[in-house]
Amino acid sequence: TTGYTAMGLVADDGGTATVTDLQVDTEGDRSIGLYAIVEQAGSQFPAYISATRTTVHTIGQAAHGAASQARNDAPGEAARIDLVDSAITTDGDDAVGLRATLANYGSTPPTGRGSASVTVVDTTVETSGSRAFGVLSRDAPTSVSIERGGVETIGEAAHGAVAQIGGYVSGTDTRIAASGTDAMALYLAGVPGATSSMDFVDSTLVNSSGPMIGMAGNTTLSLTGTTA
């Protein structure tokens with residue numbers, strides 16, 4: 001696909017997609033490769049993408065590789081993406097590899113919130129661009145889980161994995177490598193009402209500039225059998 005917001009594969013408000021041996025290429029700002037989103041309330045509206053042996057390559061600003069999103073101002077079902085034996089590559093500033101977030105649509109007062117997650121197994125992630133994080137989990141409840149994976153980022157402040165405002169990132173037998181000015185392997189930022197957290201087991205953390213790990217505000221980090 002080519003063009004602004006020319007997304008590759010979308011599951012929206014009750015949509016489900018199961019794919020195998022798929023290739024997704026997008027070019028254009030905000031042209032997300034895989035996108036699961038829940039905006040409506042009701043048990044009939046979960047959004048789910050399952051991809052096996054799938055390659056995703058995006059080019060453009062904020063052209064995320066695999067992104068799940070729900071709401072933080074109204075109740076909703078889960079937005080989920082599962083990847084197995086796949087590869088995600090993004091080229092562009094702010095183009096995150098794996099992204100799970102909540103968004104505010106302006107409901108006042110807020111009446112609830114949904115959830116968003118991305119889970120990957122035997123999958124690689126490569127990003128290139130300023131602030132092109134390898135992994136981002138923002139708001140609660142959101143999560144990104146990596147098992148037997150590799151995450152490599154190149155770019156200024158292109159942190160390997162980021163948890164913000166109550167987000168959660170976990171990795172097992174995973175390598176996180178960040179290269180670029182002020183690019184940390186792990187970065188956590190929390191607020192008083194939401195703890196951002198990460199757990200890594202039997203993993204490797206690498207970076208080439210600035211601190212290896214950054215933590216600000218209300219955060220927790222557990223590293224078990226992990227080298228940094």
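Note that the structure is predicted; figures quoted are calculated from it, not measured. Heavy-atom basis, side chains included; hydrogens, waters and symmetry copies ignored.
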Exam field: side chain [X] to backbone [Y], donor-acceptor pair closer than 3.5 Å:
| X | Y | answer |
| --- | --- | --- |
| Ser179 | Thr153 | yes |
| Asp29 | Gln61 | yes |
| Thr26 | Ser31 | yes |

If you measure from the Lys or Arg side-chain nitrogens to the Asp or Glu carboxylate oxygens, is any gap between Arg148 and Asp173 under 4.0 Å?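 So Arg148 does not pair with Asp173 through a salt bridge.
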Are any of the side-chain nitrogens in Arg53 or Asp85 under 4.0 Å away from the carboxylate oxygens of its partner?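 So Arg53 does not pair with Asp85 through a salt bridge.
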Should [X] and [Y] be counted in the same cluster of Ile, Leu, Val, Met, Phe, Trp and Tyr side chains packed under 4.5 Å apart?
| X | Y | result |
| --- | --- | --- |
| Ile49 | Val24 | yes |
| Val19 | Ile81 | yes |
| Leu205 | Leu221 | yes |
| Phe133 | Ile88 | no |

Find out whether [X] and [Y] are in side-chain contact, i.e. whether some heavy atom of one side chain is under 4.5 Å from a heavy atom of the other.
| X | Y | answer |
| --- | --- | --- |
| Arg175 | Glu152 | yes |
| Gln164 | Leu136 | yes |
| Glu39 | Gln69 | no |
| Val56 | Leu83 | no |
| Ser196 | Thr219 | yes |
| Ile213 | Leu223 | yes |
| Arg99 | Ile32 | no |
| Leu102 | Thr142 | yes |

Nearest heavy-atom pair of [X] and [Y]: which atoms, and what distance?
| X | Y | value |
| --- | --- | --- |
| Asp13 | Ala47 | N-CB, 4.3 Å |
| Gly167 | Ala163 | O-CB, 3.6 Å |
| Thr127 | Val96 | CG2-C, 4.5 Å |
| Ala158 | Ala178 | O-CB, 3.8 Å |
| Asp94 | Arg131 | OD1-NE, 2.7 Å |
| Thr111 | Ala74 | OG1-CA, 3.6 Å |

Return yes if a side-chain donor-acceptor contact under 3.5 Å exists between Asp12 and Tyr35, otherwise no.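 Not at all, the side chains of Asp12 and Tyr35 share no donor-acceptor pair under 3.5 Å.
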Under a 3.5 Å threshold, yes or no: a donor from one side chain and an acceptor from the other, between Asp91 and His57?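 Yes - a donor-acceptor pair under 3.5 Å links their side chains.
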